[in-house]
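The block underneath contains the structure these notes are about, expressed in structure tokens.
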Amino acid sequence: MGVVAIRDLKQHAGETVTVRGWMFNRRSAGKLHFLQVRDGSGFLQCVAGRKDVDEATFELLGRVTQESSVQVEGEVRLEPRAPGGAELGVRRFEVIQMAAQPYPISIQDHGHGVDFLMEQRHLWLRGPKASATLRVRARVIQAIRDFFNQRDFTLVDPPILTPAACEGTTTLFNVEYFEDKAYLTQSGQLYMEAAAMALGKVYSLGPTFRAEKSKTRRHLTEFWMCEPEIAFATLDDIMSLAEEFVSFVVRRALETCGEEFKHLERDTKPLEKIVPPFHRIRYDEAVTKVRAAGVEMRDEDDFGTPQEMAIVGDSEKPVMVHRYPTAVKAFYMKRDPENEKRVLCVDVLAPGIGEIIGGGQRADDLAYLEEQIALHKLPRAAFDWYLDLRKYGSVPHSGFGLGIERTVAWICGNEHVRECIPFPRTIYRIYP
RNA sequence: UCCCCGCUAGCUCAAUGGUAGAGUAACCGGCUGUUAACCGGUGUGUUGGAGGUUCGAGUCCUCCGCGGGGAGCCA
């Protein structure tokens with residue numbers, strides 16, 4: 001008799017229940033109305049024949065508009081002709097608010113351009129594909145938390161307002177901070193290193209900001225990142241952690257997002273193959289592979305998108321590339337003791353999306369770090385606290401950052417990261 | 001910041017320099033099993049903006065604006 005979530009409807013076959021939600025679509029065949037109602041947990045077909053309800057209700061069913069908020073009472077029937085295998089035979093029907101016409105997104109996800117849909121993002125979220133992606137995102141984040149909590153990592157929240165650049169090179173959003181200037185964080189990493197020296201194994205999960213004028217389907221100015229950092233861990237340790245981590249998150253998505261993948265038309269077979277170990281390849285081997293694939297590659301240069309795609313090739317699993325040239329990586333990377341021109345870092349490249357993880361072993365020697373800070377022309381004073389970590393009980397340590405939206409895009413098979421965050425922020429979009 | 005592409009009806013798109021069109025949505029009518037239902041009917045325009053060339057510009061030229069894809073940078 002009570003209100004039932006559409007997701008759980010099949011367990012109530014034969015019972016009379018109430019569903020509350022919104023009109024998604026309506027089809028009418030004379031003396032028969034088919035309503036599609038969504039309630040946030042799923043989509044449901046409701047059927048009403050002329051004899052099933054009183055005359056006023058039947059007339060109302062014929063003119064109720066898309067997105068009107070409604071309450072439907074009826075009998076749950078298992079019905080193979082209905083999408084989802086179950087439907088509601090309408091007994092009572094009530095409109096809470098009749099939605100204005102026309103509705104801006106009349107045929108759900110169909111026939112609209114990205115720009116228009118982004119302008120209507122607050123309504124677009126209601127569509128089956130958008131809501132499925134957001135559910136996958138939520139479960140990916142839950143999986144991330146579970147993974148680290150199960151392994152006795154401590155959640156640490158680094159600051160969002162920061163006094164200076166973490167890496168100096170990238171552009172920061174600046175904000176007024178009373179009489180001073182402050183910046184929105186572009187990475188919590190340096191703070192996570194401090195936390196690792198206190199708590200051993202730590203991770204963060206939160207927003208990050210980059211004022212880069214990037215215009216690609218893999219970039220946002222505001223995105224979410226998960227950053228684990230581990231005292232005493234080496235590059236090899238975190239490469240193993242990264243592949244277990246990514247595999248865990250994908251497996252959890254497969255276990256919990258079956259309905260969502262159907263809505264997204266995501267073929268899950270490639271995801272089922274995501275298990276450790278991932279292919280590990282040195283930068284120098286990767287360069288050879290890129291050139292063998294006929295893609296241009298300069299000596300000692302970083303990889304761009306075409307190069308990353310060539311490295312992943314048609315591999316269904318992510319590929320881990322390690323030991324990049326010192327010159328193309330951040331100042332805090334630890335030098336490879338076997339080769340001065342290489343640092344102990346790793347990028348995890350996912351099929352179709354590219355880099356989802358970047359990380360490595362951190363420089364733990366005070367003199368080397370001071371030298372690097374000078375070399376990169378960074379303001380030494382801003383890093384005094386960071387250098388303290390190397391003065392007072394420095395140990396080898398490693399960590400990485402995983403981009404949430406890129407990971408969700410890869411798992412969902414979505415082409416754009418901006419579909420993987422509720423309200424995307426890009427260089428040309430801060431509305432809605 | 002650079003390169004390429006786009007901007008025409010609410011939306012998605014057509015239109016050799018020669019009367020501004022279709023599909024779809026919306027609205028009206030029909031249909032007892034529809035699946036983006038279908039069938040019939042009705043309306044819809046500062047062609048992103050400003051100049052210019054021309055007898056005539058949606059179309060060609062210049063500038064500007066807005067957006068998309070990519071580069072750089074990165075997750």
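To find a chain, count down the sequence lines: A is the first, B the second, and so on, and within it residues start at 1. Values reported hereafter were calculated over all heavy atoms of this structure, with side chains retained and with hydrogens, waters and symmetry mates removed. Quantities reported herein were computed from a predicted structural model and do not represent experimental measurements.
- Spacing of P atoms, B:G68 relative to B:U8, comes out at 15 Å, to the nearest Å.
- Salt bridge A:K289/A:E285: absent, no basic N to carboxylate O contact under 4.0 Å.
- Electrostatic pairing of A:E87 and A:R81 does not count as a salt bridge here, judged by no charged N lying under 4.0 Å from a carboxylate O.
- For A:F223 and B:A75, the ring-to-base geometry satisfies the stacking test (centroid distance below 5.5 Å, interplanar angle below 30°).
- Nucleotide B:G51: paired with B:C61 (Watson-Crick or G-U wobble, both distances less than 3.5 Å).
- If A:Y428 and A:I356 are placed on RNA chain B by their nearest nucleotide, the residue sitting closer to the 5' end is A:Y428.
- Residue-to-nucleotide contacts include a donor-acceptor pair under 3.5 Å from the side chain of A:S214 to the base of B:C73.
- Considering only side-chain N and O atoms, A:R418 lies under 4.0 angstrom from the phosphate OP1 or OP2 of B:G69.
- The base of B:C11 does not come close enough to the side chain of A:H112 for any donor and acceptor atom to sit less than 3.5 Å apart.
- Side-chain contact annotation: A:S187 with A:E227, donor-acceptor N/O pair under 3.5 Å present.
- The only option from A:R139, A:R266, A:R7, A:R137 that meets the salt bridge (charged side-chain N to carboxylate O under 4.0 Å, His left out) definition with A:E260 turns out to be A:R139.
- Between the P atom of B:C66 and the CE atom of A:M118 lies a distance of 19 Å, rounded to the nearest Å.
- A sub-4.0 Å separation between OP1 or OP2 of B:A75 and a side-chain N or O of A:T208 is absent.
- The side chain of A:P306 sits closest to B:A71 out of B:U34, B:U32, B:A71.
- In this structure B:C73 sits in no base pair that meets the Watson-Crick or G-U test at under 3.5 Å.
- For A:R429 and B:C66, a side-chain-to-base donor-acceptor distance below 3.5 Å is absent, hydrogens and geometry of angles not being considered.
- Closest to the side chain of A:K51, out of B:A75, B:U32, B:G68, is B:U32.
- Straight-line distance from the CD atom of A:E227 to the C1' atom of B:C74: 13 Å, rounded to whole Å.
- Between the side chain of A:Q101 and the base of B:G10, no donor-acceptor pair of N or O atoms lies under 3.5 Å.
- Side-chain N/O atoms of A:R63 include none lying less than 4.0 angstrom from OP1 or OP2 on B:A26.
- Rounded to whole Å, the separation between the C1' atoms of B:U54 and B:A36 comes to 46 Å.
- For the pair A:D284 and A:K341, the salt-bridge criterion is not met [side-chain N within less than 4.0 Å of a carboxylate O].
- Considering only side-chain N and O atoms, A:K215 lies nowhere under 4.0 angstrom from the phosphate OP1 or OP2 of B:G69.
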